[in-house]
Trainee: 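My questions will all concern the structure given below.
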2 protein chains.
Amino acid sequence: MDTNTHFGRIRQALEEQITSGVLPPGARLPAERLLSERFHTTRVTVRGALNSLEQDGIIYREDRRGWFVAPPRLVYNPTKNANFHQMAAEQGYAPDTSLIEAHRIPSTPQIQQMLGLPPLSQVYRLRRLRSIDQRVVLFVENYIRADYFPDLLDHDLSQSLSTLYQERYQTVYQHVAFQLYPVALPEQAASQLKVTQGSAGLLISRVNRDQSNRIIDCDFEYWRHYALVVQAETT
Amino acid sequence: MDTNTHFGRIRQALEEQITSGVLPPGARLPAERLLSERFHTTRVTVRGALNSLEQDGIIYREDRRGWFVAPPRLVYNPTKNANFHQMAAEQGYAPDTSLIEAHRIPSTPQIQQMLGLPPLSQVYRLRRLRSIDQRVVLFVENYIRADYFPDLLDHDLSQSLSTLYQERYQTVYQHVAFQLYPVALPEQAASQLKVTQGSAGLLISRVNRDQSNRIIDCDFEYWRHYALVVQAETT
DNA sequence: GAGTGGTCTAGACCACACC
DNA sequence: GTGTGGTCTAGACCACTCC
């Protein structure tokens, strides 16, 4: 790290406090104004350093609440059909899902293309917010073929979909096509994840097929970018 | 997009110019000072909007040169053992690799662990820089078991390693374990990729095995985050 | 040498979280 | 109500690129 700039010095000083454990995961950082006094600089410069640490996933922010030390990343394997709750629990986190909305709606052209549906067909759209250890980390939109899952909306939608499919519809995820890239979080995802719109996130979208190779749903997962590491292997 | 802020209005205006094609991929944006005059604001605010567009992969910067409209992302499938040149060429880009350095060195503990090597063993370390259509997009470090590839450094190292392995050593990639997460680009990667250290990147690291399931090498790929979309599927 | 982005100063007001 | 981050102003100097 380049310590010839205020930027670099602040970054390094904070990083040391964090890696040494003086500031443990989850701890709140001193206020920006306090940091700017302590380093004899201005808030603009301090925010530059904080943004860089955020970029690196070392700290994260909650909109208008402050900056916090980031806990270790969740390991996410998109090729295993692991559900969120199981995955988080196995890694020692306390997962939670809250349903934001669930509707039966006409499909859009984009969704028709992803699900291989004709125009005017109906889908369910779920919007859900997921957290680990009380930190919201994931905003996810699911689009589900309505014809394959009658009365889906009558069930508990805060559980994992894969569990619901299996127990109520004798359907399991078999084949997954996924795609992933860094984005600036769009408005709704940002506000649900309690960050400023435009801050960094990771978009993972998946198209899922069942044991008969039928496309059954797709989803758009907006992750806070510090929250996960994607891992997979192939033979 | 929230147009109640200068930030949002600038972002939106630039985004429209880009998506409408007034500013085509590769085009240079007006200077920051010019933009700040045109939007009746200051450079600080303009840079906020530019950073947000950069976050989204819509524009990218070259250190001290300016801001440019980002071309479409390269599709990267880490589960296919595709080599960089082949992958880029198939998608209509002109790929290029330049060798920065190649040495035979003692392995570090981290590399020993990844390659399953005992202490004091030797590895080759390659550092290479890769570009598509003259834009540098990837800085990659390879660590290769020296015992499996005698005289490796005598060959042309600006070609794809998988080609070299296959033609000279009768060795092919068979099994890949990879891991991926967003990072702030570290010093060397940043300077090679011609960006400010601390700007956003994607780190992909892989451990590769050959047809006999022996670990043969590992690599650390630092991508400019706007340059790629990761895609894969599994059965 | 002119122009660019990179960094920085020293303030200000606002919306919101928390008490 | 107090303190926080979010946004913004109106400048400045430096390091570097490009001509």
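So you know, we letter chains A, B, ... as the sequences are listed, proteins then strands, and number each from 1.
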Trainee: Is there a donor-acceptor pair under 3.5 Å between the side chain of His225(B) and the backbone N or O of Glu54(B)?
Mentor: yes
Trainee: Show every donor-acceptor pair shorter than 3.5 Å between a side-chain atom in residues 130-140 of chain A and any protein atom, with sequence neighbours excluded, or say none if there are none.
Mentor:
unit_1, atom_1, unit_2, atom_2, d
Arg130(A), NE, Thr97(A), OG1, 2.9
Asp133(A), OD1, Ala94(A), N, 2.7
Arg135(A), NH1, Tyr226(A), OH, 3.2

Trainee: Do any side-chain nitrogens or oxygens of Thr196(B) fall under 4.0 Å of OP1 or OP2 in dG5(C)?
Mentor: no
Trainee: With side chains defined as the heavy atoms from C-beta onward, is the minimum distance between Pro95(B) and Phe84(B) less than 4.5 Å?
Mentor: yes
Trainee: dG11(D) C1' sits how many Å from Glu32(B) CD, rounded?
Mentor: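 That distance rounds to 15 Å.
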Trainee: For the pair made of OH in Tyr60(B) and C1' in dG5(C), what is the distance, rounded to whole Å?
Mentor: 15 Å
Trainee: If you find the nucleotide of DNA chain D closest to Val44(B) and the one closest to Arg33(B), which residue's nucleotide is nearer the 5' end?
Mentor: Val44(B)
Trainee: Got a salt bridge between Glu37(A) and Arg33(A), using NZ or NE/NH1/NH2 to carboxylate O under 4.0 Å?
Mentor: no
Trainee: What is the separation between atom CD1 on Ile10(A) and atom P on dT9(C), rounded to the nearest whole Å?
Mentor: 8 Å
Trainee: From CG of Leu34(A) over to P of dG3(D), roughly how many Å is that when rounded to an integer?
Mentor: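 It works out to 13 Å between those atoms.
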Trainee: Check the side chains of Tyr181(A) and Gln179(A) for a donor-acceptor pair under 3.5 angstrom, ignoring hydrogens and angles.
Mentor: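 Side-chain D/A pair, Gln179(A) to Tyr181(A): absent.
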Trainee: Look at Arg47(B) and dG6(C) and indicate whether a side-chain polar atom (N or O) is within less than 4.0 Å of OP1 or OP2.
Mentor: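 Checking Arg47(B) against dG6(C): at least one side-chain N or O falls below 4.0 Å of OP1 or OP2.
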Trainee: Distance check needed: dT4(C) C1' versus Phe68(B) CZ, whole Å only.
Mentor: 10 Å
Trainee: Whole angstroms only, please: what is the CD-P distance between Glu62(B) and dG6(C)?
Mentor: 11 Å
Trainee: Might you list the N or O atoms of the protein lying below 3.5 Å from N or O atoms in nucleotides 15-18 of chain C, with each pair's distance?
Mentor:
unit_1, atom_1, unit_2, atom_2, d
dA15(C), N3, Arg64(A), NH1, 3.3
dA17(C), O3', Arg65(A), NE, 3.4
dC18(C), OP1, Arg65(A), NE, 2.2
dC18(C), OP1, Arg65(A), NH2, 3.2

Trainee: Counting only heavy atoms not in Gln188(A), do more than 12 fall under 6.0 Å of its CD?
Mentor: yes
Trainee: Write down the distance between CH2 (Trp67(A)) and P (dG5(D)), rounded to a whole number of angstrom.
Mentor: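 Atom-to-atom, Trp67(A) to dG5(D), this comes out as 9 Å.
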Trainee: Over how many whole Å does the gap from Glu37(B) atom CD to dA10(D) atom P extend?
Mentor: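 Taking CD of Glu37(B) and P of dA10(D), I get 13 Å after rounding.
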Trainee: Identify, with sequence neighbours excluded, every residue that meets salt bridge (charged side-chain N to carboxylate O under 4.0 Å, His left out) alongside Glu90(B).
Mentor: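 Per chain and number, Glu90(B) pairs via salt bridge (charged side-chain N to carboxylate O under 4.0 Å, His left out) with no residue.
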Trainee: Determine the contact category for Arg61(A): base if any of its heavy atoms lies under 4.0 Å from a base atom, sugar-phosphate if only primed atoms, P, OP1 or OP2 are that close, otherwise nothing.
Mentor: sugar-phosphate
Trainee: Has Thr42(A) got a side-chain N or O lying under 4.0 Å from the OP1 or OP2 atom of dG11(C)?
Mentor: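 So the side-chain polar atoms of Thr42(A) never come under 4.0 Å of the phosphate oxygens OP1 or OP2 of dG11(C).
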